[in-house]
Chemist: 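Pasting a structure below so you can have a look.
Every number for a ligand or one of its atoms is a count from 1 in the order of the listing.
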Amino acid sequence: MNKACSGQISARDVSERKEMNCGIHGVSFSSSATPSERRLSALARHLISPTESCSCSASGVSASITSSDVGSVFSHVARAPEDPILGVTVAYNKDSSPVKLNLGVGAYRTEEGKPLVLNVVRKAEQQLVNNRSRVKEYLPIVGLAEFNKLSAKLIFGVDSPCIRDNRVTTVQCLSGTGSLRVGGEFLTRHYHQRIIYIPVPTWGNHPKVFTLAGLSVKSYRYYDPITRGLDFKGLVEDLDSAPSGAIVLLHACAHNPTGVDPSIQQWEQIRQMIRSKGLLPFFDSAYQGFASGNLDKDAQSVRMFVADGGECIVAQSFAKNMGLYGERVGALSIVCKTADVAGKVESQLKLVIRPMYSNPPIHGASIVAAILRDRTLYDEWTIELKAMADRIISMRHQLFNALRDRDTPGDWSHIIKQIGMFTFTGLNVRQVSFMTREYHIYMTADGRISMAGLSSSTVSHLADAIHAAVTHVA
Ligand code: KET
């Protein structure tokens with residue numbers, strides 16, 4: 001079956017396909033095109049991309065017209081493939097096997113394999129319900145003011161110079177994805193350079209979000225599959241040859257999907273290079289607290305770029321670290337040189353948001369604000385967050401030990417070296433589909449597994465599957 005039809009796209013495919021989908025070759029926009037022309041053109045390419053709009057009937061992906069379609073003005077609409085990450089859950093839900101295991105989406109599960117609502121979230125929600133003075137009025141376009149202030153303090157630090165000098169604007173957005181999209185659209189409208197560099201590999205939605213926001217996506221080397229570590233030399237070379245002013249997307253911590261982060265010394269070198277070349281850093285912070293278990297430590301990369309007085313952009317998500325996935329709560333911060341510029345930037349962010357979704361939802365932001373404002377709840381949150389991070393680390397050790405006990409061919413030490421929610425196993429697309437077919441284990445086709453979906457009772461099943469895959473499938 002065509003991989004694209006199954007929604008399974010490997011890291012290699014992603015890097016090969018970047019030329020088609022991400023504006024690397026031949027699809028760069030001419031600088032004279034208007035933002036809306038660029039967006040429309042990007043959207044058209046996105047929709048007709050040959051690998052994504054295939055017509056193989058075996059997979060049910062077909063543009064052919066059946067009798068019941070006749071007469072519909074939409075009969076020409078081709079069935080789109082499932083999302084490479086969220087589609088894994090769709091396939092998992094259809095599987096009736098009692099041993100099935102979903103290690104696809106990055107969503108935390110308990111030892112019992114159940115989704116977790118943090119205790120502190122339940123307490124905050126109870127407070128909200130008990131408070132009869134709360135109403136359901138629209139929030140302002142930029143969201144809940146207190147949430148914005150507290151989110152900025154969380155990522156930049158309570159004593160951050162950018163907060164003290166009032167030169168950061170923070171707006172509540174629809175989780176991490178919405179923050180990236182609003183940031184992308186703002187840059188398309190108001191920044192002189194439309195090129196954004198994203199790492200290879202990266203979260204699969206990045207190229208789509210930025211392309212549809214009107215930016216032209218290029219890539220920089222990040223991961224070395226041989227060492228299963230950072231390709232620092234490649235990263236430096238690629239950023240060094242980036243045009244002046246180019247935007248650089250950086251994962252603040254717990255890089256997805258590789259689980260490989262630069263060291264502090266490497267971050268410092270990256271910072272110096274970005275500043276000396278006048279590049280614009282755009283941080284995606286979706287896992288603050290999940291890398292080390294410590295919120296401040298996981299914000300260090302971002303804070304280095306704020307401490308030097310330069311400008312940067314940060315998209316924050318509370319999906320993972322507060323377990324608020326479905327509440328869609330996040331924030332976009334733009335750190336500027338002066339308070340005056342920050343004020344003007346905020347006025348333009350409102351013009352991006354208003355026609356997009358008018359204003360953000362109130363509930364999730366109220367939960368976050370209730371937790372961040374109250375010392376006791378905040379402390380409870382950090383304990384629960386650390387427990388989630390620790391359980392994931394324990395899963396890494398259990399899986400590593402299980403493979404060692406089985407004498408599984410290969411070096412699996414990266415399982416315990418990588419950090420954050422995911423292990424980038426190095427399993428290829430054939431081995432992944434073998435594990436799904438034979439063991440009912442679901443994961444993304446690039447070999448990424450969500451360690452948060454694993455528990456002590458399922459480790460041996462996964463280890464058996466990996467062992468069989470590397471032994472029998474090349
Ligand atoms: N950035 C990164 C790096 C990321 O991994 C995710 C989600 C997001 C942003 C967006 O999260 P949001 O829920 O919009 O706050 N990643 C997981 C879920 C997904 O793909 O939507 C994942 O990789 O499984």
Chemist: When you pair each N or O of ligand 1 with protein N or O atoms, which pairs come out under 3.5 Å?
Modeler:
{"unit_1": "ligand 1", "atom_1": "1 (N)", "unit_2": "Asp284", "atom_2": "OD1", "d": "3.3"}
{"unit_1": "ligand 1", "atom_1": "1 (N)", "unit_2": "Asp284", "atom_2": "OD2", "d": "2.6"}
{"unit_1": "ligand 1", "atom_1": "5 (O)", "unit_2": "Asn256", "atom_2": "ND2", "d": "2.6"}
{"unit_1": "ligand 1", "atom_1": "5 (O)", "unit_2": "Tyr287", "atom_2": "OH", "d": "2.7"}
{"unit_1": "ligand 1", "atom_1": "13 (O)", "unit_2": "Arg328", "atom_2": "NH1", "d": "2.9"}
{"unit_1": "ligand 1", "atom_1": "14 (O)", "unit_2": "Gly176", "atom_2": "N", "d": "3.4"}
{"unit_1": "ligand 1", "atom_1": "14 (O)", "unit_2": "Thr177", "atom_2": "N", "d": "2.9"}
{"unit_1": "ligand 1", "atom_1": "14 (O)", "unit_2": "Thr177", "atom_2": "OG1", "d": "2.5"}
{"unit_1": "ligand 1", "atom_1": "14 (O)", "unit_2": "Arg328", "atom_2": "NH2", "d": "2.9"}
{"unit_1": "ligand 1", "atom_1": "15 (O)", "unit_2": "Ser175", "atom_2": "OG", "d": "2.5"}
{"unit_1": "ligand 1", "atom_1": "15 (O)", "unit_2": "Gly176", "atom_2": "N", "d": "2.8"}
{"unit_1": "ligand 1", "atom_1": "15 (O)", "unit_2": "Ser317", "atom_2": "OG", "d": "2.6"}
{"unit_1": "ligand 1", "atom_1": "16 (N)", "unit_2": "Trp203", "atom_2": "NE1", "d": "3.3"}
{"unit_1": "ligand 1", "atom_1": "16 (N)", "unit_2": "Lys320", "atom_2": "NZ", "d": "3.2"}
{"unit_1": "ligand 1", "atom_1": "20 (O)", "unit_2": "Trp203", "atom_2": "NE1", "d": "2.9"}
{"unit_1": "ligand 1", "atom_1": "23 (O)", "unit_2": "Trp203", "atom_2": "NE1", "d": "3.3"}
{"unit_1": "ligand 1", "atom_1": "23 (O)", "unit_2": "Asn256", "atom_2": "ND2", "d": "3.0"}
{"unit_1": "ligand 1", "atom_1": "23 (O)", "unit_2": "Arg448", "atom_2": "NH1", "d": "2.8"}
{"unit_1": "ligand 1", "atom_1": "23 (O)", "unit_2": "Arg448", "atom_2": "NH2", "d": "3.4"}
{"unit_1": "ligand 1", "atom_1": "24 (O)", "unit_2": "Gly106", "atom_2": "N", "d": "2.7"}
{"unit_1": "ligand 1", "atom_1": "24 (O)", "unit_2": "Arg448", "atom_2": "NH2", "d": "2.9"}

Chemist: Indicate whether the side chain of Ser455 and that of Ser457 have a donor and an acceptor atom separated by less than 3.5 Å.
Modeler: yes
Chemist: Begin from the C-alpha positions of Tyr287 and Lys320 and carry the test side chain to side chain donor-acceptor pair (under 3.5 Å) through to its verdict.
Modeler: CA-CA 6 Å; Tyr287 298 94; Lys320 327 277 170 153; 3.3 Å; yes
Chemist: Quick check: are there more than 12 heavy atoms from other residues, nucleotides or ligands sitting under 6.0 Å from NZ of Lys123?
Modeler: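 Atom NZ in Lys123 is not packed in, count stays at 12 or less.
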Chemist: Strictly distance-based, threshold 3.5 Å: is any side-chain N or O of Asn321 a donor or acceptor partner for the main-chain N or O of Gly289?
Modeler: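 Answer holds: no.
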Chemist: Should the pair Arg448 and Phe422 be classed as cation-pi, given the thresholds of under 6.0 Å to the six-membered ring centre and 45° from the axis?
Modeler: yes
Chemist: Is Lys100 positioned over the aromatic face of Tyr92, cation under 6.0 angstrom from the ring centre and no more than 45 degrees off axis?
Modeler: yes
